[in-house]
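In what follows, every chain begins at residue 1, and chains take the letters A, B, ... in the order their sequences are listed.
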2 protein chains.
Amino acid sequence: MATGRNHRPATRSRGIPEATVARLPLYLRALTSLSERSVPTVSSEELAAAAGVNSAKLRKDFSYLGSYGTRGVGYDVEYLVYQISRELGLTQDWPVVIVGMGNLGAALANYGGFASRGFRIAALIDADASLAGKLIAGLPVRHAEELEEIVDDNQVSIGVITTPAGAAQEVCDRLVGAGVTSILNFAPTVLTVPDGVDVRKVDLSIELQILAFHEQRKAGEEFDDTVTAPPKRQPTSTGPDGDLPAVMPA
Amino acid sequence: MATGRNHRPATRSRGIPEATVARLPLYLRALTSLSERSVPTVSSEELAAAAGVNSAKLRKDFSYLGSYGTRGVGYDVEYLVYQISRELGLTQDWPVVIVGMGNLGAALANYGGFASRGFRIAALIDADASLAGKLIAGLPVRHAEELEEIVDDNQVSIGVITTPAGAAQEVCDRLVGAGVTSILNFAPTVLTVPDGVDVRKVDLSIELQILAFHEQRKAGEEFDDTVTAPPKRQPTSTGPDGDLPAVMPA
DNA sequence: TAGATTGTTAATCGATTAACAATC
DNA sequence: TAGATTGTTAATCGATTAACAATC
């Protein structure tokens with residue numbers, strides 16, 4: 001059975017676990033805050049508390065990056081800020097386009113957290129021609145017609161989609177066609193992309209639904225086992241036919 | 001060693017895995033779309049494709065809810081919509097408050113995806129008195145002073161925080177103090193809450209940073225092992241002192 | 001009956017965590 | 001040296017997935 005270590009054809013260059021990558025920004029934020037307060041060093045215990053994670057997990061996470069700590073002392077804040085920034089690719093400039101200038105697109109354009117982390121808004125784009133030229137967060141809205149040109153001229157590799165669901169796939173296709181290889185999707189749709197393109201999804205409604213699930217559990221605790229009773233109940237006839245299917249799908 | 005099944009003191013009523021709960025909204029969305037097109041039944045294969053997951057995973061997920069399918073046939077769309085909605089707690093009304101009426105708060109207030117899923121905006125709240133009374137998405141902004149009263153009067157158990165980072169913890173404390181037990185946090189801070197309160201976090205900047213990490217990997221593939229070289233390098237002196245720590249933290 | 005598809009098993013994979021030897 | 005804290009091991013836990021018996 002072997003130890004199951006490096007039996008893969010080394011497809012991914014190093015192999016930092018995805019769960020670790022997702023926590024690096026949290027550590028970076030906590031470290032940045034310490035840095036601003038001129039704290040020189042921090043222990044895994046302190047930093048873990050600030051980031052809201054377990055200290056063993058933090059040390060394991062850092063061990064994937066290298067040995068950046070000093071036993072008996074802790075981690076040098078500035079040094080770690082730099083190393084994590086470098087690992088995340090934040091020491092370089094990332095031009096980003098935001099497509100869809102509704103409320104959410106505008107909110108993102110005005111969000112300060114981007115610029116400070118290497119992300120630069122190359123352009124704001126909308127399909128509505130009457131919006132063209134309007135200033136949002138100091139930038140003129142450009143028409144969707146120019147999308148390919150903008151992506152090409154600015155070497156944009158990251159696109160943010162804040163369009164309605166119906167337009168998202170087409171926008172995505174055009175972004176990818178123009179050379180974008182990472183998509184942050186706020187539209188409530190599953191996007192189909194070719195291999196080599198990353199999509200991350202932020203779905204406001206889904207987050208609330210997950211909260212509702214847990215909230216319901218809390219409320220149900222008073223009654224306890226009522227909900228645990230065996231199911232197989234009928235729906236409240238939301239549709240024309242509440243019965244179990246009798247026909248096969250095409 | 002046992003099978004590791006029900007050795008817990010039955011703290012959580014049934015035990016649907018967290019990963020499954022997080023996917024139920026995806027299934028629900030795909031099913032709702034099928035329902036709108038009057039598709040009567042769907043196979044795990046088809047539904048999985050629509051939701052963007054593996055069909056084995058989908059069947060496993062559904063098995064936690066009960067046996068709602070028919071072998072050789074598939075799942076009844078309407079019936080499954082109902083069952084998942086019920087499981088997620090969406091068959092009841094959830095009054096929600098949104099605190100912080102900046103761009104993001106306004107975007108959320110205008111977001112249509114809430115009302116259709118049992119979430120009702122009970123109030124929009126902001127600390128800026130000059131905003132009080134202003135209509136956003138047809139609702140008047142209320143002053144933060146009224147927060148406790150609003151939560152109490154409307155039996156609000158879910159709060160959405162869209163304030164700046166600096167105000168988030170205080171708002172969170174007040175929401176929790178007033179009776180809120182689920183928080184959706186958009187502010188870039190770690191919130192501290194008592195046991196029994198759920199916090200979910202949406203962080204726009206973190207999502208972009210994760211994308212940047214993968215984007216960097218793609219770009220680096222051309223050079224390949226350059227980045228794999230052993231680290232232990234010095235930072236570009238972002239701070240006053242780039243050296244490794246010599247003193248202990250307090 | 002023959003074909004289709006679920007529900008479940010079992011293997012595998014990946015993530016978390018406590019514990020502690022190494023070492024500053 | 002004594003105390004502190006990292007980096008790593010190993011155990012455990014949870015999630016994913018292929019495969020297939022059950023059954024419509």
Side-chain angles (χ1 to χ4, degrees), chain A residues 1-8 12 15-24 27 41-49 51-77 79-80 83 230-232 243-250, chain B residues 1-8 12 15-24 27 41-49 51-77 79-80 83 230-232 243-250:
Chain A
M1 261 108 203
T3 46
R5 203 95 182 294
N6 39 5
H7 57 283
R8 285 274 183 148
R12 40 164 83 188
I16 299 180
E18 199 52 42
T20 295
V21 173
R23 279 187 295 266
L24 292 182
Y27 301 143
T41 59
V42 67
S43 70
S44 62
E45 200 68 55
E46 295 167 313
L47 184 55
V53 304
N54 173 305
S55 72
K57 180 149 62 184
L58 177 143
R59 289 197 300 277
K60 188 92 167 99
D61 284 343
F62 286 179
S63 77
Y64 293 114
L65 309 184
S67 296
Y68 294 151
T70 307
R71 286 165 143 106
V73 177
Y75 299 92
D76 180 83
V77 171
Y79 186 52
L80 205 45
Q83 289 298 347
K232 207 79 189 181
D243 281 311
L244 285 176
V247 292
M248 281 192 355
Chain B
M1 261 99 200
T3 45
R5 203 96 183 293
N6 39 4
H7 58 281
R8 284 276 182 149
R12 43 164 82 189
I16 298 181
E18 201 51 42
T20 295
V21 173
R23 281 188 295 267
L24 291 182
Y27 301 143
T41 59
V42 67
S43 70
S44 62
E45 200 66 56
E46 294 167 311
L47 184 55
V53 304
N54 172 305
S55 72
K57 181 149 62 182
L58 176 143
R59 289 197 299 278
K60 189 92 166 98
D61 284 342
F62 285 180
S63 77
Y64 292 114
L65 309 184
S67 296
Y68 294 150
T70 307
R71 286 168 142 106
V73 177
Y75 298 91
D76 180 82
V77 171
Y79 186 51
L80 205 45
Q83 290 297 347
K232 207 79 188 183
D243 278 313
L244 283 176
V247 292
M248 282 194 350

| message | Without decimals, in angstroms, what is the distance between A:K60 NZ and D:dA10 P? | response | 11 Å
| Hey, which of these two, A:A19 or A:A56, hits DNA chain C nearer its 5' end, going by closest nucleotide? | A:A19
| task | Could you tell me whether the side chain of B:R23 reaches within less than 4.5 Å of the side chain of B:V53, counting heavy atoms only? | result | yes
| message | Just the rounded figure in Å: distance from P of C:dT17 to CD of A:E45. | response | 13 Å
| query | Is the distance between the ring centroids of B:Y68 and B:Y75 under 6.0 Å? | reply | no
| said: Is the phosphate of D:dA15 approached by B:N54 (side-chain N or O, under 4.0 Å from OP1 or OP2)? | reply: no
| request: Send over the distance from B:L80 CG to C:dT5 P, rounded to a whole Å. | output: 16 Å
| Rounded to whole angstrom units, what separation is found between the CZ atom of B:R23 and the C1' atom of D:dT17? | 11 Å
| request: Rounded off to whole Å, could you give me the CG-to-P distance for the A:L47 and D:dT6 pair? | output: 9 Å
| message | Contact between B:T70 and B:D76 at the side-chain level, heavy atoms closer than 4.5 Å - yes or no? | response | no
| Base-paired stems in DNA chain C, each at least three Watson-Crick or G-U pairs under 3.5 Å | C:3-24 with D:3-24
| query | Do the side-chain N or O atoms of B:S44 get closer than 4.0 angstrom to the phosphate oxygens (OP1, OP2) of C:dT5? | reply | no
| message | Just the rounded figure in Å: distance from P of C:dG7 to NZ of B:K57. | response | 18 Å
| field | A:T20 and A:D61: CA distance, side-chain angles, deciding distance, side chain to side chain donor-acceptor pair (under 3.5 Å) verdict | value | CA-CA 6 Å; A:T20 295; A:D61 284 343; 2.7 Å; yes
| Can you find a heavy atom in the side chain of A:F62 that is under 4.5 Å from one in the side chain of A:L80? | yes
| message | If I take atom CZ in residue A:F62 and atom P in nucleotide D:dG7, what distance separates them, rounded to the nearest angstrom? | response | 9 Å
| Going by modelled atom types, is there a donor-acceptor pair between the base of C:dT23 and the side chain of A:R71 at under 3.5 Å? | no
| query | OP1 or OP2 of D:dG7 sitting under 4.0 Å from any side-chain N/O of A:Y75? | reply | yes
| task | Kindly give the heavy-atom pair with the smallest separation between A:S55 and A:S44, and that separation in Å. | result | CB-O, 3.8 Å
| remark: Of B:R59 and A:D61, the one whose nearest nucleotide on DNA chain C sits closer to the 5' end is B:R59
| query | How long is the line joining OH of B:Y68 and P of D:dC24, in whole Å? | reply | 17 Å
| Rounded distance (nearest 0.5 Å) linking atom CZ of B:R59 with atom CG of B:L47 | 11.5 Å
